[in-house]
Amino acid sequence: VHQPEQLAPDCVLHVGGAVTSKRVWQHLAATRPRHVVRVSADPRRQDPLHAVTDRIDLGVAAFAAALAGWRAPAQDPDWLALHREADETVARTLAVEVDADAALDEPAVCRIVSREIPADASLFLGASMPVRDMDAFADPSGPPVAVGANRGASGIDGTLASACGHATGSGRPVVFVCGDLALLHDLSSLALLRRQDPPVIVVLINNDGGGIFSFLPVAGAGAAFEACFGTPQGLVYADIARAFGIDCHAPATRPHFVAALRAALAAGRPALIEVRTERDANLQRHRAIHAALRAAAGRPSQA
């Protein structure tokens with residue numbers, strides 16, 4: 001069992017944009033490394049902890065080129081071993097908790113996409129749960145692909161149009177994972193999707209509302225929660241997409257989802273794959289996985 005202070009870094013090299021995972025921020029806030037070096041050509045501060053001690057105003061490619069040929073000083077083998085052991089513990093636990101389970105749930109969708117996406121494609125992620133689940137459950141052994149996301153003015157508006165723009169700009173097909181409310185806020189872009197080349201394959205996780213709010217304290221607000229935060233719409237998005245002439249799939253099992261994703265990618269044209277889930281079940285699923293991870297790490301469970 002390792003305590004957080006054993007994994008505390010002396011120096012953090014932060015290359016590129018903002019970090020998605022709040023767990024990283026929580027770890028840095030708890031350990032407060034002596035040096036945090038931020039490498040970015042973006043002039044914005046993006047330092048919520050006020051922890052950055054040095055800034056290098058360079059793009060990632062220019063910074064990497066400047067480091068070419070540089071040899072790092074001797075590393076602490078014990079510190080590296082602790083991190084590798086923790087990483088292996090997480091991998092083993094996810095293999096049991098996510099891979100061995102038969103349900104086609106939200107963690108499974110993101111894990112499968114991370115494995116099945118072709119190396120010559122790009123990944124685009126909707127806000128709220130999809131970007132968090134991909135960050136938490138993606139299989140690192142999957143192909144390394146470019147990843148894009150769009151927060152937008154309120155987090156979900158214009159996301160499908162952004163995914164189409166990502167495909168056009170990159171010249172690569174895109175697998176776009178999003179939630180039902182994000183798609184609802186950009187339904188008119190289904191007309192754009194129909195003509196999109198390179199194609200965008202939409203993997204829609206439809207939990208009939210704002211799934212992320214079930215994880216927040218406001219979930220205890222009673223009847224007002226569903227009306228103001230859950231906001232269920234009761235829509236079948238595959239039916240809507242078919243009206244635009246888009247290929248649609250509605251898999252209910254993991255094998256069917258894998259087959260639908262492979263078929264859509266092989267067809268070389270836009271498609272929508274709608275996976276129906278339940279918000280309450282998804283909350284319990286995440287809690288169970290996190291409890292298993294904490295138990296594997298020898299950490300006390302959390303409420």
Q.
For Arg45 and His50, which I'm curious about, is there any donor-acceptor pair between the side chains at under 3.5 Å?
A. yes
Q: Report the distance from atom CG of Asp186 to atom CG of Leu181, rounding to the nearest 0.5 Å.
A: 13.0 Å
Q: Measure from the side-chain N and O atoms of Asp180 to the backbone N and O of Gly209, and report whether any donor-acceptor pair falls under 3.5 Å.
A: yes
Q.
One thing to verify: whether Asp54 and Arg38 come together as a salt bridge, which I'm taking to mean a side-chain N less than 4.0 angstrom from a carboxylate O.
A. no
Q | Glu106/Arg285 salt bridge by N-O under 4.0 Å criterion | A | no
Q. Between Arg254 (side chain) and Asp101 (backbone), is there a donor-acceptor pair under 3.5 Å?
A. yes
Q.
I'd like to know if Asp247 pairs up with Arg269 as an ion pair, taking the criterion as any Lys NZ or Arg NE/NH1/NH2 lying under 4.0 Å from an Asp or Glu carboxylate oxygen.
A. yes
Q. Should the pair Asp239-Arg242 be classified as a salt bridge under the 4.0 Å nitrogen-to-oxygen rule?
A. yes
Q: Taking atom types as modelled, find out whether Asn282 and His286 have a side-chain donor-acceptor pair closer than 3.5 angstrom.
A: yes
(Q) Assess, by modelled atom type and distance only, whether the side chains of Ser141 and Asp139 contain a donor and an acceptor separated by less than 3.5 Å. (A) yes
Q) Would the number of heavy atoms belonging to other residues, nucleotides or ligands and lying under 6.0 Å from CG of Asp280 be above 12? A) no
(Q) Can you tell whether the side chains of Asp57 and Arg55 come within less than 4.0 Å, N to carboxylate O? (A) yes
Q: Go through the side-chain N and O atoms of Thr231 and Glu226 and say whether any donor and acceptor fall under 3.5 Å apart.
A: no
